[in-house]
Amino acid sequence: MSKALSKTDAHLDELDPKEYIIIKRARVNNLKNLSVAIPRNKLVVVTGLSGSGKSSLAFDTLFAEGQRMYVESLSSYARQFLGRMEKPEVDYIRGVSPAIAIEQKVNTRNPRSTVGTTTEIYDYLKLLFARIGKTYSPVSGKEVKRDTVTSVVDAINKFPTGMRVMVACPLHVKKGRKIADELNLLLSKGFARILINGVVQFIEELVGTETEGTKKKKALKIEGEIEILIDRTSVDAADENTIFRLSDSIQTAFFEGEGDCVIYPEGHAKMNFTDRFELDGMKFTEPSVNFFSFNNPYGACQTCEGFGKILGIDEDLVIPDKSLSVYEGAIAPWRTETMSEWLKPLLKNGIKFDFPIHRPYNELTRAQQELLWTGNTHFEGINDFFKYLESKMHKIQYRVMLSRYRGRTNCPDCRGTRLRKDAQYVKIVDTSITDLVLMPIEEGLVFFEKLKLPEYDRKVSDRILTEIKSRLEYLEKVGLGYLTLNRITSTLSGGEYQRIKLATSLGSALVGSMYILDEPSIGLHPKDTDRMVSVLKTLRDLGNSVIVVEHEEEIMRAADQIIDIGPDAGSHGGELVFQGTLNDMNGKVASHTTDYLSGREEIALPKMRRRWKDSITVVGARENNLKNLTVKFPLGVLTVITGVSGSGKSTLIKKILYPAVGRLNGSVAEAPGRFDKLEGDFAKITQVEFVDQNPIGKSSRSNPISYVKAYDAIRNLYAEQPLAKQRGYKPSHFSFNVEGGRCETCEGEGEIKVEMQFMADIYLKCESCHGKRFKQEILEIEFNGKNIADILDMTVEEGMDFFKDKKTIFDKILPLNDVGLGYVKLGQSSNSLSGGEAQRVKLASFLGKNSAEGNILFIFDEPTTGLHFHDISKLLKAINALVDQGHSVMVIEHNLEVIKCADWIIDLGPDGGEKKGGTLMFEGTPEEMVKKGKGYTAEFLRKKLT
């Protein structure tokens, strides 16, 4: 290791902050006076065991200081709200650039937030379509144009010089007024002539003249088309005065003709022009930015109010079993004796229009399925049936029947894109903004790369197109080409959301910043890791310092420098074990990271694969990109569902299997995605638990010790202490959730939340209790020298040692240590836990119940998030403990260490997205996959097991 990068404190003072980010004696959380110099404008990976202090160094020290320095640069008005932002516990940090943190958490639940709006691509699309979009009539398909004075002058100047032309406009007679009155009004305005069926007539001759003080009017009878003659002139494109005169006359014609202008070129047919934006008898709205904004009442779809979903008739409720034919009763509401009258005409007349009444619904063509809904002259369709029910809403039986088939469905007007219907009429090269947001990103990129525009449009949109293409390219590079811009942000996984934020940062092309990323490889299949590395290097090459908290071997190998924090977790961590390249590390440093990378330590294969006899089969899964899959899920074993990002894993498990099984035993209210039926031994499953990465509990008050139900016993223990009894304290006095013993300033939170409008909310330590959560008199109650606040501040490991003689409490805390969370504090707030930590707390709570009765189906969504190799082995032991208790475990996972330890693998693919994903690639054991499996997962597993 070079002298410049030595961790010795004395050398840090000599280093140049322009070349290094220098941290001296950091003491945040479990960091033990850690000093380190991180080279600027390099890709640096911070690794180590879970809880070793990686996030404390990267986020709680570096990012916190960057954020604090940013706040100090704000105006005095803004700073008054942030005066109490605490400086991280460190002697000094030098060389800090503006800091940008990209974490795994999906921090938006806004139903209007989409991939397009999050990445800013949609903002550029709105601008593009407002600038160069052409409106086409849905009737004739012709372009809708508004004529202008210039365009009419240009049309006239195409005729030969010297040709006579007349400029006119229609005479619009107001309702209830006589023609004579209108003509007199024209005279008063200075007009002398009109055209009747194209023939010039003097207005005075038509209305009569004034003589001898009396008005003698000719009997006025005009039949035919009347037009006001504005001007008569000759064509002369070179004469400025003629052009000016024509322009003035045309302007007058548009005004007097209420938007219409008529030109009569000598010897040619008359030409009609209008400055109204209409065609085929339809009025259109001219495109503007707000016209394409679904977050604006002007641009939002009127039917769904910009949400994309409406309460309508759900196809899956109307036709629940799609393997049935119409004859066999596929249409559920027509099965009753009364309602079967609607079915009889179809069965009787189907042969007349060649409809296969005996063919299963899912084998009908799209046109035949559509026909069932729309009907024809021979029978009334399902849509007509429901319109009939709606007309009978005054009768309760019809209201009940209608409610039975209602559900949240895609809005038919906007196709789920939330935009007003006529926004689809605006197109660029036959493609509307609706088409673009429904395309997978990879297809959208191809569209823009091949886009050929006229010279004027190209100049107008050049900069906009550059921004759109740049952002789409980065989204594709980070492995998200399968997403659509219309995808709601809250439905993304933590890894997908993080990569979207990464792509957005790349698209912004910031320079001289410090990017701090939290495991960007999460949710990525091994095949996409190389692309992620190239993205991180691009960010670095722009002139940024990229600091990545990561466990992925490929990213470590690509790093300019590795910082290994350890040697273990919690109180046994917080030290700088190593700093240098991967080659420097191998064989020279003893740490868990080195042991696994060198192969000295590894996660062993199970001695034998469990065999199974019971299973659940999902038949005909068709939600999102799943292509009518039939998949068998074994029970009583560890099953891993894998495949590349976007292959359909989450759709199959989270949207179909979990709600379908959960609805059977009443534990899940959510409606499953589209599938035909569930077969097998699902009656044996007594409960289904989806263990995801969402925060534990519903508020920041939730913490590990309360989640595993150990806190009740601890409160009872403190209420039994002599001083507590003497003062009359009950167990509730030791709760921070109810009034009594808690600090009322922060209401037992220990910190005050300051909501920010221009940056992330910040949490400041409560000044009354100094973060202790309780009143001083409650803190006077001690057990073995520790008060209740001290207990909450203990790590799980310390808690196990402290309560080793209290079996009830010890047994509840032990599972937290078993799942690798020995470093987490017992009272740590849920909002400070990562997604992976929250998930493992949930796992620990199930292990703590030790439920031997029944067969619970556990579903885990990427449980290796945030885990080092060493911790994955602990996690596998905990998961296998659930299976050994008689439960079934299914894991959605990309990590090869977990895949190789599975009893059964279900692999989806071959790639991601609508067209390339959603196919069942393999079902079987890891050994069978290595021999027979096809696709990316089989290829990488082969390297791992051979």
Side-chain angles (χ1 to χ4, degrees), residues 134-135 137 140 142-208 220-288:
K134 305 285 190 295
T135 305
S137 166
S140 63
K142 292 179 181 176
E143 186 182 344
V144 184
K145 290 182 179 178
R146 180 197 292 276
D147 292 312
T148 62
V149 172
T150 306
S151 66
V152 178
V153 170
D154 289 345
I156 292 170
N157 284 335
K158 288 178 182 176
F159 291 108
T161 303
M163 178 186 283
R164 300 285 295 171
V165 293
M166 291 192 295
V167 180
C169 68
L171 174 64
H172 297 287
V173 180
K174 299 288 186 289
K175 194 174 181 181
R177 295 180 66 172
K178 296 177 181 178
I179 292 178
D181 294 338
E182 289 286 354
L183 294 179
N184 277 316
L185 186 60
L186 285 178
L187 276 174
S188 67
K189 289 180 180 178
F191 296 106
R193 302 174 181 86
I194 62 170
L195 296 169
I196 301 174
N197 296 325
V199 179
V200 180
Q201 299 278 352
F202 283 94
I203 298 174
E204 283 191 349
E205 290 179 0
L206 291 170
V207 297
L220 193 57
K221 289 184 181 178
I222 298 177
E223 292 181 2
E225 188 179 18
I226 307 172
E227 293 163 330
I228 307 168
L229 181 58
I230 308 290
D231 195 9
R232 294 188 295 182
T233 185
S234 301
V235 177
D236 189 352
D239 183 30
E240 205 171 295
N241 289 329
T242 303
I243 299 295
F244 181 78
R245 177 178 168 178
L246 260 179
S247 301
D248 191 45
S249 299
I250 292 162
Q251 183 74 54
T252 305
F254 277 136
F255 177 78
E256 293 294 337
E258 297 179 5
D260 292 312
C261 172
V262 183
I263 303 297
Y264 283 92
E266 192 176 32
H268 292 76
K270 76 172 181 177
M271 302 162 69
N272 291 302
F273 298 94
T274 178
D275 70 351
R276 293 190 300 276
F277 203 62
E278 59 185 33
L279 187 68
D280 300 330
M282 291 176 65
K283 287 186 178 179
F284 295 87
T285 306
E286 282 196 272
S288 65

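Note that the structure is a prediction, hence the values are computed from the model and not measured.
From Ile226, atom CD1 reaches atom SG of Cys169 across 12.0 Å, with rounding to the nearest 0.5 Å. For the atom pair Arg193 CZ and Met166 CE, the distance stands at 10.5 Å (nearest 0.5 Å). Atom CG of Leu195 and atom CG of Leu171 lie 11.0 Å apart (nearest 0.5 Å). Expressed to the nearest 0.5 Å, how far CG of Asp147 lies from CG of Asp154 amounts to 11.0 Å. Note that CD of Glu256 is 12.0 Å distant from OG of Ser249, once rounded to the nearest 0.5 Å. Summarising the geometry, atom NZ belonging to Lys189 is positioned 12.5 Å from atom CG belonging to Asn184; distances are rounded to the nearest 0.5 Å.
Residues Asp239 and Thr161 are not in side-chain contact: their nearest non-hydrogen atoms beyond the backbone lie 4.5 Å or more apart. Leu186 places a side-chain heavy atom less than 4.5 Å from the side chain of Leu183. Taking the side chain as every heavy atom from C-beta outward, Val152 and Val167 never approach each other to under 4.5 Å. In this structure the side chain of Ile194 never reaches within 4.5 angstrom of the side chain of Leu229, judged on heavy atoms. Side-chain contact between Phe284 and Ser137: present, with at least one pair of heavy atoms (C-beta onward) separated by less than 4.5 Å.
A donor-acceptor contact shorter than 3.5 Å is absent between the side chain of Asp248 and the backbone of Phe244. A donor-acceptor pair under 3.5 Å is formed between the side chain of Arg276 and the backbone N or O of Glu258. Side chain of Asn197 to backbone of Glu225: a donor-acceptor contact under 3.5 angstrom is found. Distance alone, capped at 3.5 Å, is enough to place a donor-acceptor pair between the Thr274 side chain and the Gly259 backbone.
Pro170 and Val262 make their closest contact through CD-CG2, 4.2 Å (heavy atoms, listed as atom of the first residue, atom of the second, distance). The minimum heavy-atom distance linking Leu279 with Ser140 is given by the pair CD2-OG, 4.1 Å. The heavy-atom pair separating Val165 from Pro265 by the smallest distance is CG1-CA, 3.8 Å. Nearest heavy atom pair, residue Arg232 against residue Arg164, reads CB-NH2, 4.0 Å.
Every pair passing ring-ring contact (aromatic ring centres under 6.0 Å, His included) that includes a residue from residues 261-281 is listed here, sequence neighbours excluded: Phe159-His268. For residues 171-202, no pair satisfies ring-ring contact (aromatic ring centres under 6.0 Å, His included), with sequence neighbours left out.
The local environment of NZ in Lys145 is sparse, with at most 12 non-hydrogen atoms from other residues, nucleotides or ligands closer than 6.0 Å.
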Point to revise | Criterion side chain to side chain donor-acceptor pair (under 3.5 Å) on Asp236 and Thr242, from CA distance to verdict | key: CA-CA 6 Å; Asp236 189 352; Thr242 303; 4.6 Å; no

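Partner of Ile250 under the side-chain contact (heavy atoms from CB on, under 4.5 Å) criterion, chosen from Ile156, Ile230, Asp231, Asp275: Ile156.
With sequence neighbours excluded, the residues satisfying side chain to side chain donor-acceptor pair (under 3.5 Å) with Lys134 are Asp457.
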